[in-house]
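Remarks on the structure that follows.
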Amino acid sequence: HCNNSGVIQVPGHHHLSGPEVGHSHQLPQELLKQFYSAINESILCTSDPYVKFKLDGKTLYKSKVVYKNLNPVWNETFSFPIRNLDQKLFIKVYDRDLTTDDFMGSCGVELNKLELENSEMVLPLDDPNSLEDDMGVIIIDICLSVRDGKNKKHRWAQRKKRSLMGSTTEHNKRLTESMKKSQLWTGVYTITLVEGRDLPLDGQADVFVRFKLGDQKYKSKSQLKKVNTQWRERFDFNQFPDMSTILEIEVVGKGGRRYEDCYGQCEIDLSGLPLNESTLFTHELDPGRGRVVFLVTPTPCTGASITDLVAPPLEEPHERDNMLVKYSFKNSLKDLRDVGFLQVKVIKATDLMAADLNGKSDPFCVLELGNNRLQTHTIYKTLNPEWNKVFTFPVKDIHEVLEVTVFDEDGDKAPDFLGKVALPLLSIRNGQQVACPLRKENLGGLSKGTIVLELEVIFNSIKASIRTFTPREQKFMEDNAKFSKKVLARNVLRVRNLYRAVCHANQFIKSCFQWDCIIMLLHYDCIFSGIKCSGLSVKIGHSYALFLGIHKFTKKLRNPYAIENSEVMDFLSRVPSDVQMAQYTELSSCSFHSPNRRRKASP
């Protein structure tokens, strides 16, 4: 980076000096500006901007994200009540990022200088910590409206966008349509990474592939590099209405912990792909560095929704019957990846931990099922928030765990953790309202407060069973587990017990192959199967074993790009460990509430 005087500095080091380079490299101001401009263009060329409106330290409104655009157009309208005009409305622009959003500039509007008529304002953005002179501008149309006693609602004078505005008295209690739209996905891109072809054998020993779609990222497993490196991995990216449809792929050679060598990059526009059909892509990498082969299958998705508590989807006329028919036994072979449907009513939380200096919190709730994530609105200055929202998720694997986390909104900083619960789908008791005690971030112990939920899951047992013997979906972003002596000792003990069990099973299997045991087993097998036998000439139909053998040896013939997997290992991967069993919230231990009483009390 460079300081204001044009002296080049190396981060974490002293100024460059010495007989070879001189004491400090002074750059002309004009060259320095060109350098800043080039750096700015290279950084901002992939910006995903959104805007926050803040008043008195609180976020009043957050716009949608416009992906990959330096000239974004939002066309969003909102309103909010004002008690005191002697305040300043701050408008801050950020660049959306997967981890920490980058600040792109801000501006302010004095409320006492606004008029009752519409006024278009062009406001230059500024960042005191940036050396860039021109941070861009933001254009808004803003005005004041007078509140009368007959109408308690505040509106902008711009009438044509009234449909986007809600009651301002319920502004902090209702999700805006733009917020819902930014969360709900309308489709799924299933991506199968097949192989790399003609990769160079020199250079790094391992190779992996990165995928990026919007702010969703996936990194494949590292494979030992060969001329034709096989991955055979499958994962899903969600499709959002306003999200970029450009899929970015990067093939990387890995050497050691830090060194990486990029073999090539490519971009694919997914917008024109046919639905429910697999499209094969073979893209060239850098010259002489091979090709990457992958499949993309777009499918529509209608299972995700956010509604108010007064209108849950499964209580709509005929909606429950439609879901029961959709996941009935007769539809077991239709769309095997669509296993079921989950509805979660997030009602309220009580006695939360105080995260702010005023003894209150600004809580909101995040629901995660696999890689799918939905979020409530924020309720400010309370330890007993009532969200009264209903969320629905499509279920891909009945062995998944629903994680519900409560955070405290902390302005531009990362939100503070308040509590969390983990609920396996198989433990859900349909239609029962439960108050679950919140746990710590690692789910190891109890935190402060409880959250009241009502859950219901509908699924097809045949689809769920088939899904159990396929590879489990990996999470896009997972925290690196820290080394723990207790965990190591626990795992050593488990491995020892498993080894003993395998030894006993091996001895039992060997004893079964003795002649007396074989005759006895054949006898019982014939009785069980209802097959008549005479002496040792027994005709036993092992249809199940035959089916597995045919399935295993003909998989590549039926589908050349099939994912190689071990059904036994996929089944065992879904068996929770002792640690996970202790972390999961048992609904049998939660206190139950009567939903009928709550409905009578609600207007």
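- Between Arg320 and Glu456 there is a salt bridge, since a side-chain N of the basic residue sits under 4.0 Å from a carboxylate O of the acidic one.
- At a threshold of 4.0 Å, the pair Glu454-Arg429 does not count as salt-bridged, since none of the basic side-chain nitrogens sits closer than that to a carboxylate oxygen.
- Glu441 places a side-chain heavy atom less than 4.5 Å from the side chain of Phe417.
- In this model, a donor atom of one side chain and an acceptor atom of the other lie less than 3.5 Å apart for Thr190 and Asp236.
- Here the side chain of Lys52 pairs no donor or acceptor atom with the backbone of Tyr94 at under 3.5 angstrom.
- Salt bridge annotation for Glu260-Arg210: present, with a cationic side-chain nitrogen under 4.0 angstrom from a carboxylate oxygen.
- Side-chain contact between Thr470 and Phe571: absent, with no pair of heavy atoms (C-beta onward) separated by less than 4.5 Å.
- Between Tyr218 and Phe211, the ring-plane angle classifies as tilted under the 30° and 60° cut-offs.
- Looking only at side-chain heavy atoms (C-beta outward), Leu193 and Val292 come within less than 4.5 Å of each other.
- Under a 3.5 Å cut-off, the side chain of Ser332 and the backbone N or O of Lys463 do not form any donor-acceptor pair.
- Note that CZ of Phe393 and CG of Leu402 are 6.5 Å apart. Values are rounded to the nearest 0.5 Å.
- Annotation: Leu333, atom CG; neighbour count of heavy atoms from other residues, nucleotides and ligands within 6.0 Å does not exceed 12.
- Closest heavy-atom contact between Val421 and Cys436: CG1-CB, 3.9 Å.
- Classification of Asp308 and Lys389 as a salt-bridged pair holds, one side-chain N sitting under 4.0 Å from a carboxylate O.
- In this structure, Lys219 is positioned above the aromatic face of Phe208, its NZ or CZ under 6.0 Å from the six-membered ring centre and within 45° of the axis.
- Distance alone, capped at 3.5 Å, places no donor-acceptor pair between the Thr229 side chain and the Lys225 backbone.
- Salt-bridge check for Lys420 with Glu403: passed, with a basic side-chain N closer than 4.0 Å to an acidic carboxylate O.
- Between the side chains of Asn238 and Tyr189, no donor-acceptor pair is found at a separation under 3.5 Å.
- In this structure, the side chain of Arg197 does not engage the main chain of Thr282 through any donor-acceptor pair within 3.5 Å.
- The shortest non-hydrogen separation linking Ile246 to Leu213 is O-CD1, 3.5 Å.
- Side-chain contact check for Thr378 and Glu409: at least one donor-acceptor pair (N or O, by modelled atom type) lies under 3.5 Å.
- The pair Asp198-Arg289 does not meet the salt-bridge criterion, since no charged nitrogen lies less than 4.0 angstrom from a carboxylate oxygen.
- Between Lys326 and Asp338, at least one side-chain nitrogen of the basic residue sits less than 4.0 Å from a carboxylate oxygen of the acidic one, meeting the salt-bridge criterion.
- Side-chain contact between Val207 and Lys226: absent, with no pair of heavy atoms (C-beta onward) separated by less than 4.5 Å.
- Contact of the Val434 side chain with the Val452 side chain is not registered, since no non-hydrogen atoms from C-beta on lie closer than 4.5 Å.
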